[in-house]
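One structure is given here, and the rest of the page talks about it.
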Amino acid sequence: MSDIKRIAWCITGSGHYLKESIEIMLTLNNVDLFLSKAGEEVLKWYDYDLDEFKSKGIKIFKDVTKSSAPVSLLYENIYKLVIVSPTTSNTVAQMAYGFSDNLVTNMFAQAGKCKIHSIVFACDTEPTVITQAPKKSVTLYPRLIELENYDKLKSFKDVDVVDSVNSFKEALDKWI
Ligand SMILES: Cc1cc2nc3c(=O)[nH]c(=O)nc-3n(C[C@H](O)[C@H](O)[C@H](O)COP(=O)(O)O)c2cc1C
């Protein structure tokens, strides 16, 4: 294992697997957090307080620059791993097709260009998904396009695309 120590953890605007992602994130002590604009909003919907994360020593980068300036940290040998968890179907689609026009999709694209490993915890991975809306459980039926994008992303080099808490933990264990 290299001596590069930190993990860049990206949160997108997904309620699905948000609680599980944050529970795992809070067990680690070497995480910086990168939020998509929707990620920042959705955290509020689910009553998470960014100040609490900060009080645990987590540095937070919001999506406030056009050029996704924080991605330059990936060039500094600070990060051993980029995690996107949870990952919306929007971000899966953008990443699968090589778009990089916001902070999270830029982190993923630049990680690939820097040969830094990524783990993507995708949400819409099965024909039926039971998800947690802010106030209740909801059953959703991901479309073929969402399932195709998920499959496409799985073929990327240096990327683990996972679809369950267990497979996420398994992928993460190799890096901590
Ligand atoms: C309360 C709430 C929960 C959401 N949960 C999901 C979700 O589980 N999966 C998903 O793909 N999109 C979800 N969305 C929609 C995304 O936030 C939306 O598509 C957003 O544009 C995604 O942007 P991002 O991929 O840049 O984070 C949710 C929206 C809200 C308001």
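Everything quoted here is computed from the prediction, not taken from an experiment. All residue numbers in this chain count up from 1 along the given sequence.
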Apply the test side chain to side chain contact (heavy atoms under 4.5 Å, CB included) to residues M25 and L33: give CA-CA distance (whole Å), side-chain angles for both, the deciding distance (0.1 Å), then the verdict.
CA-CA 9 Å; M25 182 185 80; L33 192 53; 3.7 Å; yes

So do I60 and K54 actually touch side chain to side chain, heavy atoms under 4.5 Å?
yes

Hey, any chance Y97 and V161 share a hydrophobic cluster, counting ILVMFWY side chains that come within less than 4.5 Å of each other, even indirectly?
no

Take R143 and E146 through the test salt bridge (Lys or Arg N to Asp or Glu O under 4.0 Å) and record every step on the way to the result.
CA-CA 5 Å; R143 303 165 298 173; E146 272 109 29; 2.4 Å; yes

Does T12 use its side chain to pair, donor to acceptor, with the backbone of T88 at less than 3.5 Å?
yes

Would a hydrophobic clustering, with Ile, Leu, Val, Met, Phe, Trp and Tyr connected at side-chain separations under 4.5 Å, put V165 with V162?
yes

Roughly how far apart are S100 OG and N106 CG, rounded to 0.5 Å?
4.5 Å

Quick check on Y46: does its OH atom have over 12 non-hydrogen neighbours (other residues, nucleotides or ligands) under 6.0 Å away?
yes

Look at the side-chain heavy atoms of Ile, Leu, Val, Met, Phe, Trp and Tyr, link any pair under 4.5 Å apart, and say whether Y150 and L140 land in one connected group.
no

Distance from I119 atom CD1 to T87 atom OG1, nearest 0.5 Å?
11.0 Å

Donor-acceptor pair, distance only, cut-off 3.5 Å: does the side chain of D32 make one with the backbone of A8?
no

Interatomic spacing from CZ in F108 to CD1 in I116 - rounded to 0.5 Å
12.0 Å

How about NZ on K169, more than 12 heavy atoms from neighbouring residues, nucleotides or ligands closer than 6.0 Å, or not?
no

I83 versus F121: any side-chain heavy-atom pair under 4.5 Å?
no

Relative to each other, are the rings of F34 and Y79 parallel, tilted or perpendicular (30° and 60° limits)?
perpendicular

Anything under 30° is parallel, anything over 60° is perpendicular, the rest tilted; go ahead and classify W175 against H117.
parallel

Given I11, which partner from the list P86, S36, S85 fulfils the side-chain contact (heavy atoms from CB on, under 4.5 Å) test?
P86

Rounded to the nearest 0.5 Å, what separation is found between the CG atom of N29 and the CZ atom of R6?
8.5 Å

L172 vs L81, side chain to side chain contact (heavy atoms under 4.5 Å, CB included): CA-CA, chis, key distance, verdict:
CA-CA 9 Å; L172 181 59; L81 178 67; 3.9 Å; yes

Restricting to non-hydrogen atoms, name the atom on Y48 and the atom on K19 that form the minimum distance, rounded to 0.1 Å.
OH-CA, 3.4 Å

Steps toward side chain to side chain contact (heavy atoms under 4.5 Å, CB included) verdict (I22, F53)
CA-CA 10 Å; I22 288 173; F53 296 160; 3.9 Å; yes

Would you say the side-chain atoms of N149 pair up with the backbone N or O of V92, donor to acceptor, closer than 3.5 Å?
no

Are V138 and L18 grouped together when hydrophobic residues (ILVMFWY) are joined by side-chain heavy atoms under 4.5 angstrom apart?
no

With the 4.5 Å side-chain cut-off for hydrophobic clustering, are V64 and L73 part of the same group?
no

If you measure from CG on L50 to CG on L43, what distance do you get to the nearest 0.5 Å?
6.0 Å

Run the side chain to side chain contact (heavy atoms under 4.5 Å, CB included) check on I176 and I7 step by step: do they pass?
CA-CA 9 Å; I176 55 177; I7 294 172; 4.0 Å; yes

At what distance, to the nearest 0.5 angstrom, does CH2 of W9 lie from CG of L35?
12.5 Å

Grab the two heavy atoms, one from H16 and one from I130, that are nearest each other, plus how far apart they are.
CE1-O, 3.1 Å

Considering all heavy atoms of both residues, which atom of L74 and which atom of A111 are nearest to each other, and what is their separation?
CD1-N, 3.7 Å

No-hydrogen, no-angle side-chain donor-acceptor test under 3.5 Å, Y75 and Q110:
yes

NZ (K62) with more than 12 external heavy atoms under 6.0 Å
no

Please check: side-chain N/O of N30 versus main-chain N/O of K5, any donor-acceptor pairing under 3.5 Å?
yes

Student check: side-chain heavy atoms of D101 and Q94 closer than 4.5 Å
yes

Least distance between heavy atoms, V42 atom then G15 atom
CG1-N, 4.1 Å

Heavy atoms only: give me the nearest F99-T105 pair and the separation to one decimal.
O-CB, 3.5 Å

Correct closest heavy-atom pair for L26 and I58 would be CD2-CD1, 3.9 Å

What I'd like to find out is whether the side chain of P142 reaches to under 4.5 Å of the side chain of T125, using heavy atoms alone.
no

